[in-house]
Amino acid sequence: MADSRVNVPAECRRGEPFEVRISIRHAMETGYRTDAVGSTIPRDVIQRFTCRYNGEPVFTVRMTQGIAANPYLRFFVTARESGTLDFEWIDDGGIRGTAQAPVKVV
Amino acid sequence: MCDVAQGSALKTALLVLVLVSSSARAQQRVLPLDTLRPGIEFAGADVRAMQSDDLANPGFLWVDRGEKLWRDNTTGQSCASCHGDAPKSMRGVAARYPAYDTAAGAVLDLEARINDCRVRRQKLAPWQRESDDLLGLTAYVTYQSRGMPLAASIAGPARATFERGREFYSTRHGQMNVSCAQCHDQQWGKRLYTETISQGHGNAFPAYKLEWQALGSLQRRIRACMFGIRAEMPPPGAPELTDVELFLAWRGQGLPLEAPGVRR
């Protein structure tokens, strides 16, 4: 399941940083928990998260099991030209998630 | 003549007194309506900040899922095909729940009502309690009543459910032998370990509970409380849980729906 919620400002001023916020639906199973019969529940966390601005990576996170479930990320990107932010993440199971947000620079 | 007239006047007065007092007892509230405080007021600043931010509030991940499910027609007719636009058709619905459903012949909470629609009208298999799909759709429908006051009815056929719920609430349970009323009517505002005891309302459910790292239903929260007092947990969907849900909705009448809620 690759649900997410993204927020970027409606308009950004050229050369100035703008705030990007994204919350991702992921259980972020730590690998430390055990189930009802005592077996360890295998680790399954988002390994890598990348934000590309018109194709160029501008923000990358390498996550481990220290990040809580349903991670909420807030970071800044400097506005250049209008275009698209592409978000991509991949977890321990190899499952990819994606999201997009338009960037309008004035 | 005077004695007879006075006698029947006295009888009438007594009858009125009995009727008034019995209905007053039925409506008697341990927590008067003007003393009600929602759980968010007992939560810390970080939890309040998370709930009030629609991006940071993880509950919205389930609301968004519910919005997709509302329009999903891959397995048959979608909710939208009958109910149209949810912000219009579902406005105020969650605030009336749990409610007596004539077709089902029972009081249903919102989760049960959604499943009833799935089975009876969409001819689909019901969703499991606490599944992401059922939680998502419940959260989405509840979101349409965001900010509206709790207004469940205990009239008519719902009355028996309400009475059972009130009974359950006031009964001691479990190894710790305590009732809901002892903590949430009598001890609210006081500390229990690191937490402040709330009044135990359900107006913020389904809620994202940080302890669960997921969204969960009011029934899940009630079951967790039973676990906490070392009582046998009724299974999900058990009738006594709906009884309590209806009682809580009456008890918290007027509290605004926090949808989706965030709790520790």
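Every chain is numbered from 1 and lettered A, B, ... according to where its sequence line falls, protein lines coming before strand lines.
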- Query: Take atom NZ in B:K68; do more than 12 heavy atoms of anything else shown fall under 6.0 Å from it?
  - Reply: yes
- Item | Residue B:Q77 excluded, over 12 heavy atoms near CD under 6.0 Å | no
- Message: Is it the case that over 12 heavy atoms from other parts of the model lie below 6.0 angstrom from the CD atom of B:Q128?
- Response: no
- Minimum heavy-atom distance between B:L55 and A:R5, given as atom pair plus value: CD1-O, 3.7 Å
- Task: Please name the pair of heavy atoms, one in A:A69 and one in B:Y208, separated by the smallest distance, quoted to 0.1 Å.
- Result: O-OH, 3.9 Å
- Message: Looking at A:R21 and B:D53, is any side-chain nitrogen of the basic one under 4.0 Å from a carboxylate oxygen of the acidic one?
- Response: yes
- Note on the structure: In terms of heavy-atom contacts, B:D64 and A:S4 come closest through OD2-O, 4.2 Å
- Note on the structure: Okay, B:N57 and chain A: the region with an atom under 4.5 Å from a heavy atom over there is neither
- Task: For atom CZ of B:F227, decide whether the heavy atoms of other residues, nucleotides or ligands shown that lie under 6.0 angstrom number more than 12.
- Result: no
- Query: Which is it for A:R25 and B:D132 under the salt bridge (charged side-chain N to carboxylate O under 4.0 Å, His left out) test, yes or no, and what are the steps along the way?
  - Reply: CA-CA 11 Å; A:R25 171 82 180 91; B:D132 281 327; 3.0 Å; yes
- Message: A quick test of your reading: do over 12 heavy atoms of other residues, nucleotides or ligands sit less than 6.0 Å from CZ of A:R80?
- Response: yes
- Closest non-hydrogen atom pair, A:N70 against B:Q213: ND2-O, 3.4 Å
- Query: Heavy-atom count around A:R14 CZ within 6.0 Å, excluding the residue itself: above 12?
  - Reply: yes
